[in-house]
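Just below is one structure, and these are the notes that go with it.
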Amino acid sequence: MKKTSIICGGIIIAFVLLFLGYRYWMSVTPDDGSVLREQMQYLNEEIDLQVLLYGDDVVFPEEFTYKSLERLDEDNWKPDNDYVFLIVNDLDGSVGLTEEQITEIKKYADQNTNFNFYYIGLNKLELFKKVYDDCNIGKTDMSFGYVIYEGTRLQHYGLWRTTDHEYYEMNPKLLGQDICDTIEQNVRSNE
């Protein structure tokens with residue numbers, strides 16, 4: 001009986017050590033890009049998604065499909081996809097975005113559950129506070145979103161913050177990847 005207990009205890013300890021060793025190995029093994037490939041396949045092929053970029057260029061993953069807009073005309077930001085994300089990148093502060101345009105975008109989003117909107121920058125955040133009720137943009141926020149998450153329309157903060165912006169020059173791909181991650185999270189929350 002004592003031998004059986006010792007053998008069983010030894011087997012359990014061996015399994016625990018193997019499991020911990022495997023977890024450690026996985027934590028130090030570099031990613032082979034499979035996570036990014038799966039994300040790009042999901043966003044580009046598995047869902048009916050249209051991402052529209054207005055303003056400054058964003059370094060998205062090479063495989064990511066999006067459309068750049070030269071102008072923010074009403075006709076070019078209203079496609080009929082299952083999921084539409086309008087991204088306004090104003091990190092350099094040169095994007096012409098008026099209070100009237102923001103009001104129109106909000107009105108359109110309120111009427112169309114497939115439409116989501118993100119502004120990234122500092123210059124126009126005060127306009128969002130005027131247009132959106134109960135807008136609670138924090139001191140470190142450099143973004144504002146108006147999205148459908150888990151079936152509910154809500155304001156989204158934290159896509160881009162001053163702490164992220166500090167690393168932007170060292171890693172210009174950071175913003176594009178953050179946008180892709182946020183879009184994926186939003187879409188998956190609604191499926």
Side-chain angles (χ1 to χ4, degrees), residues 33 35-128 131-132 137 141-149 155-162 164-165 167-188 190:
V35 173
L36 179 63
R37 274 196 306 273
E38 289 174 13
Q39 182 183 49
M40 291 302 106
Q41 180 180 354
Y42 177 74
L43 294 175
N44 290 333
E45 299 170 18
E46 295 179 23
I47 57 173
D48 183 24
L49 170 69
Q50 178 68 51
V51 175
L52 306 167
L53 175 66
Y54 177 67
D56 305 335
D57 286 336
V58 173
V59 181
F60 285 112
E62 191 175 306
E63 305 85 357
F64 186 61
T65 303
Y66 69 98
K67 179 180 177 183
S68 290
L69 302 178
E70 295 293 322
R71 296 178 318 279
L72 197 57
D73 295 335
E74 192 174 310
D75 295 337
N76 63 8
W77 54 265
K78 294 184 176 181
D80 192 26
N81 299 73
D82 290 345
Y83 299 96
V84 177
F85 285 82
L86 172 62
I87 311 294
V88 176
N89 183 11
D90 190 25
L91 286 178
D92 75 357
S94 65
V95 169
L97 187 64
T98 66
E99 185 176 340
E100 292 78 25
Q101 287 175 312
I102 294 170
T103 302
E104 180 64 29
I105 290 169
K106 179 186 185 304
K107 182 179 175 183
Y108 183 76
D110 286 336
Q111 296 170 353
N112 296 277
T113 58
N114 69 326
F115 185 77
N116 302 274
F117 172 76
Y118 280 100
Y119 171 81
I120 302 161
L122 287 173
N123 287 358
K124 307 296 185 206
L125 286 180
E126 288 301 317
L127 292 178
F128 287 95
V131 173
Y132 288 82
I137 297 171
D141 284 326
M142 291 183 70
S143 63
F144 175 81
Y146 198 52
V147 299
I148 297 287
Y149 190 84
Q155 297 175 17
H156 183 260
Y157 308 98
L159 169 64
W160 197 248
R161 296 180 184 269
T162 53
D164 299 317
H165 199 64
Y167 297 101
Y168 187 52
E169 282 189 29
M170 291 184 287
N171 183 2
K173 295 179 180 182
L174 183 62
L175 178 59
Q177 189 58 56
D178 283 356
I179 291 170
C180 289
D181 292 345
T182 300
I183 289 172
E184 180 183 18
Q185 289 171 0
N186 284 338
V187 171
R188 286 190 188 275
N190 293 304

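The analysis underlying the following values was restricted to heavy atoms, covering all of them including side chains, and did not include hydrogens, waters or symmetry mates. Keep in mind the model is a prediction, meaning the values are calculated, not measured.
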Check: Would Tyr108 and Asn112 satisfy side-chain contact (heavy atoms from CB on, under 4.5 Å), going step by step from the backbone distance to the final call?
Finding: CA-CA 6 Å; Tyr108 183 76; Asn112 296 277; 3.1 Å; yes
Note to self: Tell me whether Asp141 contacts the main-chain N or O of Tyr157 through its side chain, where contact means a donor paired with an acceptor under 3.5 Å.
What the structure shows: no
Notebook entry, point to check: Within a reach of under 6.0 Å around CG of Asp92, are more than 12 heavy atoms found that belong to other residues, nucleotides or ligands?
Noted result: yes
Checklist line | Heavy-atom check, side chain of Asn114 versus side chain of Asp48, under 4.5 Å | finding: no
Note to self: Please verify the inter-ring angle class for Phe128 with Tyr119; under 30° counts as parallel, over 60° as perpendicular, anything in between as tilted.
What the structure shows: tilted
Note to self: Can you tell me how far apart SG (Cys180) and NZ (Lys173) are? Round to the nearest 0.5 Å.
What the structure shows: 12.0 Å
Check: Do you know the tightest heavy-atom contact between Asn190 and Asn186?
Finding: ND2-O, 2.8 Å
Margin query: For residues 106-123, which residue pairs pass the salt bridge (Lys or Arg N to Asp or Glu O under 4.0 Å) check, not counting sequence neighbours?
Written below: Lys106-Asp110
Next item on the list: Please answer whether the main-chain N or O of Phe85 pairs with a side-chain N or O of Asn116 as donor and acceptor at a distance below 3.5 Å.
Entry: no
Margin query: How close do Gly96 and Gln101 get, counting heavy atoms only, and between which atoms?
Written below: O-OE1, 3.5 Å
Next item on the list: Could you tell me whether the side chain of Thr182 and the main chain of Leu159 form a donor-acceptor pair under 3.5 Å?
Entry: no
Notebook entry, point to check: Can you name the nearest heavy-atom pair linking Tyr132 to Gln155, along with the distance?
Noted result: CB-NE2, 3.7 Å
Notebook entry, point to check: How are the rings of Tyr168 and His165 set relative to one another: parallel (under 30°), tilted (30 to 60°) or perpendicular (over 60°)?
Noted result: parallel
Note to self: For the CZ atom of Arg161 and the CD1 atom of Ile120, what is their distance to the nearest 0.5 Å?
What the structure shows: 13.0 Å
Margin query: For Leu97 versus Leu127, what's the shortest heavy-atom pair and its separation?
Written below: O-CD1, 3.6 Å
Notebook entry, point to check: With respect to His156, which candidate in Tyr146, Tyr118, Tyr149 satisfies the side chain to side chain donor-acceptor pair (under 3.5 Å) definition?
Noted result: Tyr118
Next item on the list: Compare every heavy atom of Asp90 with every heavy atom of Ser94, then report the nearest pair and how far apart it is.
Entry: N-OD1, 3.0 Å
Margin query: For Asn44 versus Phe64, what's the shortest heavy-atom pair and its separation?
Written below: ND2-CA, 3.8 Å
Margin query: Please report whether the ring centroid of Trp77 lies less than 6.0 Å from that of Phe115.
Written below: yes
Notebook entry, point to check: Is there a side-chain contact between Asp164 and Met142, using heavy atoms and a 4.5 Å cut-off?
Noted result: no
Checklist line | Gln39 and Asp181 side chains, donor-acceptor separation under 3.5 Å | finding: yes
Note to self: A quick test of your reading: do over 12 heavy atoms of other residues, nucleotides or ligands sit less than 6.0 Å from CD of Glu70?
What the structure shows: no
Note to self: Between Val187 and Asp82, does the side-chain contact (heavy atoms from CB on, under 4.5 Å) criterion hold? Intermediate values first, please.
What the structure shows: CA-CA 10 Å; Val187 171; Asp82 290 345; over 6 Å; no
